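Below you'll find the structure, written out as structure tokens, and then a few comments.
Residue numbers start at 1 and run along the sequence shown. Every value quoted in this text rests on a predicted model; they were computed, and no experiment measured them.
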Amino acid sequence: MATTYKVYGAGLQPKKYTPGDFILTHHDTAPAKVIRLGQFIRYHGAMREYAHWNHCAMIVDEDGTIIEAVGRGVVYGHIDEYADVEYYYVSTGLNKQSRDQAVAAAKSFLNDKYAWLTIASITLELLTGIKLQFTNQNTMICSAVVGQALWAGGFIFDSNPYQMMPADLAAAFKVSCFDVLQKKS
């Protein structure tokens, strides 16, 4: 499946949304900086270009409705909430049946709580290299929502979708931030 992405700067938005696509974004809040720091620890060399993002969300309809995991849990939102920040819109290229399956999976996670224990297990892995998965039932992080939904739509990842970070999704879909970052310099 061919994937493409497009960068939308603050104030810019796509004219069309396709269910089963997703966004990657970059914030400067304290939790976002911690996520990026962890990703910079995890990713070295050629993989470093994927550590730029610290949040992602799944597009679930043509109106720009998203499903995302945030501190209060897995919730509906709208892409308009990201109008003031740059984000990368990733077109997954899923066919209709696969898109429907991915969206149904994302919707099945609604009302799950945020997976703080998963964050702890990812942190342990980043600091020690020990791969243990801590989790509570019905909990998700943002990249797990997107990764698991895409897995339900037919994508096979090299790593556990529940343990994926935004950088893992960027790497899986070859979404490079270097071109845009170099233009800003």
Worksheet item: Is there side-chain contact between Glu62 and Pro19, with heavy atoms separated by less than 4.5 Å?
Response: yes
Mind checking whether Tyr162 and Met140 have side chains closer than 4.5 Å, heavy atoms only? yes
- Any side-chain heavy atom of Tyr76 within less than 4.5 Å of one from Ile66? no
query = Heavy atoms, side chains only, cut-off 4.5 Å: are Ile23 and Tyr82 in contact?
reply = yes
In short, Cys142 meets Ala69 closest at the heavy-atom pair N-CB, 3.4 Å
Could you tell me whether a side-chain N or O of Thr25 sits under 3.5 Å from a main-chain N or O of Tyr88, the two making a donor and an acceptor? no
In terms of heavy-atom contacts, Ala106 and Met58 come closest through CB-CG, 4.1 Å
Asn138 and Asp112 have their tightest heavy-atom pair at O-CB, 3.2 Å
Under a 3.5 Å distance rule, please check whether Tyr5 uses its side chain to pair with a backbone N or O of Ser176 as donor and acceptor. yes
Note: Pro166 and His55 closest approach over all heavy atoms is CG-N, 3.7 Å
| query | Checking Asp21 side chain against Thr92 main chain: does a donor-acceptor pair fall under 3.5 Å? | reply | yes
Of all heavy-atom pairs linking Ser159 and Met164, the shortest is OG-CG, 3.9 Å
Using the rule given for side chain to side chain contact (heavy atoms under 4.5 Å, CB included), can you reason through Leu24 versus Val146, listing the C-alpha separation, both sets of side-chain angles and the distance that settles it, and then say yes or no? CA-CA 10 Å; Leu24 291 162; Val146 174; over 6 Å; no
**Prompt:** Are the side chain of Asp61 and the backbone N or O of Asp63 linked by a donor-acceptor pair below 3.5 Å?
**Reply:** yes
Less than 4.5 Å apart, side chain to side chain, heavy atoms only: is that true for Ile59 and Thr18? no
| message | The test is side chain to side chain contact (heavy atoms under 4.5 Å, CB included); show your working for Tyr87 and Ile79 and say whether it passes. | response | CA-CA 10 Å; Tyr87 62 86; Ile79 202 161; 3.6 Å; yes
- Message: Can you classify the ring geometry of Tyr17 versus Tyr89 as parallel (below 30°), tilted (30 to 60°) or perpendicular (above 60°)?
- Response: tilted
Between the CZ atom in Phe157 and the CD atom in Gln148, the distance rounded to the nearest 0.5 Å is 9.0 Å
Handout entry: Val145 and Glu68, any side-chain heavy atoms less than 4.5 Å apart
Key = no
Between Cys56 and Ser143 the two heavy atoms that sit nearest each other are SG-CA, 3.3 Å
When Ile141, Val70, Val75, Thr139 are each screened for side chain to side chain contact (heavy atoms under 4.5 Å, CB included) with Tyr114, the one that passes is Ile141
Exercise. What orientation do Phe173 and Phe22 show, parallel under 30°, tilted 30 to 60°, or perpendicular over 60°?
Worked result: perpendicular
